[in-house]
Amino acid sequence: EAGVAQSPRYKIIEKRQSVAFWCNPISGHATLYWYQQILGQGPKLLIQFQNNGVVDDSQLPKDRFSAERLKGVDSTLKIQPAKLEDSAVYLCASSLQPGNTIYFGEGSWLTVV
Amino acid sequence: QQQVKQSPQSLIVQKGGISIINCAYENTAFDYFPWYQQFPGKGPALLIAIRPDVSEKKEGRFTISFNKSAKQFSLHIMDSQPGDSATYFCAASTKGSARQLTFGSGTQLTVLP
């Protein structure tokens, strides 16, 4: 069974530029999550989708971050404009339903210079 | 306010020894406590999980001990191997439709050969 796919794996951008990350969850998984993992810290939830609807985006900095899951399958996370403190690994994860095991992708590493 | 506190931040153990990582939580609504293992460049992967109706769960060399009254749980790795060298995260989630994970800050385990 294919895992959670993410791209790009690595991205270096200058501050104030924009970047987008793509995620394809495990087939059939209705719940999709985006986490931010700053070096040396645990993952922090940014947004949770159930199918194509947002369940929780309370920790998403909405002035610069946006995310969508238009057809209830793959998802994109966008940052515009990026700040230095956005340097982190952006992890996409999925589960069959809320409460089921959460499977993580390998992450997209962002460095803002 | 951090809801799941994890210690130690780093741990060095000799091959064959026992690795112990501790976590404490504040939110009494948490009812699911997983441990994730993360290798460099990879996403976290579920290792073992426990619910508060049991005090211990064992899977192979990995054991979770749970103390509901103290609001603490710990991961024990018996007969630690160099291949166990990774970062370990405890996490917790509550009941409800969202079932989001709150992660600890992580423990970097190094098992010396």
Side-chain angles (χ1 to χ4, degrees), chain A residues 1-10 21 23-26 29-51 53-60 88-111, chain B residues 1-11 21-25 27 29-52 57 59 73 75 86-110:
Chain A
E1 181 181 79
V4 177
Q6 291 188 244
S7 68
R9 289 295 317 279
Y10 306 94
F21 300 114
C23 171
N24 190 31
I26 293 173
H29 281 199
T31 311
L32 186 147
Y33 311 81
W34 283 101
Y35 283 84
Q36 180 191 56
Q37 186 175 21
I38 293 172
L39 187 65
Q41 298 181 18
K44 184 186 83 170
L45 180 69
L46 292 176
I47 188 167
Q48 177 182 350
F49 292 94
Q50 181 66 18
N51 296 308
V54 176
V55 174
D56 185 352
D57 63 357
S58 59
Q59 299 191 78
L60 188 72
V89 179
Y90 291 87
L91 294 163
C92 181
S94 70
S95 64
L96 198 60
Q97 293 291 339
N100 293 115
T101 299
I102 296 176
Y103 297 90
F104 285 84
E106 295 192 331
S108 292
W109 293 64
L110 174 65
T111 301
Chain B
Q1 183 181 9
Q2 186 180 11
Q3 295 190 53
V4 181
K5 294 184 179 180
Q6 184 171 346
S7 63
Q9 187 174 8
S10 63
L11 181 62
I21 304 171
N22 301 298
C23 283
Y25 63 96
N27 187 349
F30 287 145
D31 74 336
Y32 175 68
F33 302 89
W35 284 89
Y36 279 79
Q37 179 188 55
Q38 185 175 29
F39 292 104
K42 303 293 185 181
L46 179 66
L47 187 62
I48 186 173
I50 196 168
R51 296 192 185 273
K57 183 174 181 180
E59 290 184 1
F73 58 109
L75 175 69
T87 301
Y88 292 81
F89 293 95
C90 61
S93 72
T94 59
K95 290 180 184 177
S97 60
R99 267 277 180 218
Q100 297 159 2
L101 290 175
T102 299
F103 283 86
S105 55
T107 297
Q108 188 168 359
L109 172 65
T110 302

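In this text, all values refer to a predicted model and were calculated from it rather than measured experimentally. Throughout, protein chains are lettered first and strands after them, A, B, ... in sequence-line order, and every chain is numbered starting at 1.
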Checklist entry - Between A/Cys92, A/Gly40, A/Ala93, A/Gly42, which residue shows the highest count of heavy-atom pairs closer than 4.5 Å to chain B? => result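 With the most close heavy-atom pairs to chain B, the winner is A/Gly42.
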Next on the checklist: Tell me which of these, B/Gly43, B/Pro44, B/Gly106, has more heavy-atom pairs under 4.5 Å with chain A than the rest.
Outcome noted: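 Counting heavy-atom pairs under 4.5 Å, the top option is B/Pro44.
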Item to check | Enclosure of B/Glu59 CD (heavy-atom neighbours >12, cutoff 6.0 Å) | outcome: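 Check passes, neighbour count above 12.
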Checklist entry - Should A/Ile102 and B/Leu101 be marked as a side chain to side chain contact (heavy atoms under 4.5 Å, CB included) after you check the CA-CA gap, both sets of side-chain angles, and the distance that decides it? => result CA-CA 9 Å; A/Ile102 296 176; B/Leu101 290 175; 3.6 Å; yes
Item to check | Residue part contacting chain A, namely of B/Gln38, when any heavy atom lies under 4.5 Å | outcome: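 The side chain, not the backbone.
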Student check: side-chain heavy atoms of [X] and [Y] closer than 4.5 Å:
{"X": "A/Glu106", "Y": "B/Phe39", "result": "no"}
{"X": "B/Phe89", "Y": "A/Pro43", "result": "yes"}
{"X": "A/Leu45", "Y": "B/Phe103", "result": "no"}

Checklist entry - chain B heavy atoms under 4.5 Å from A/Gln97: which part of the residue, side chain, backbone, both or neither? => result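 No part of A/Gln97 comes within 4.5 Å of chain B.
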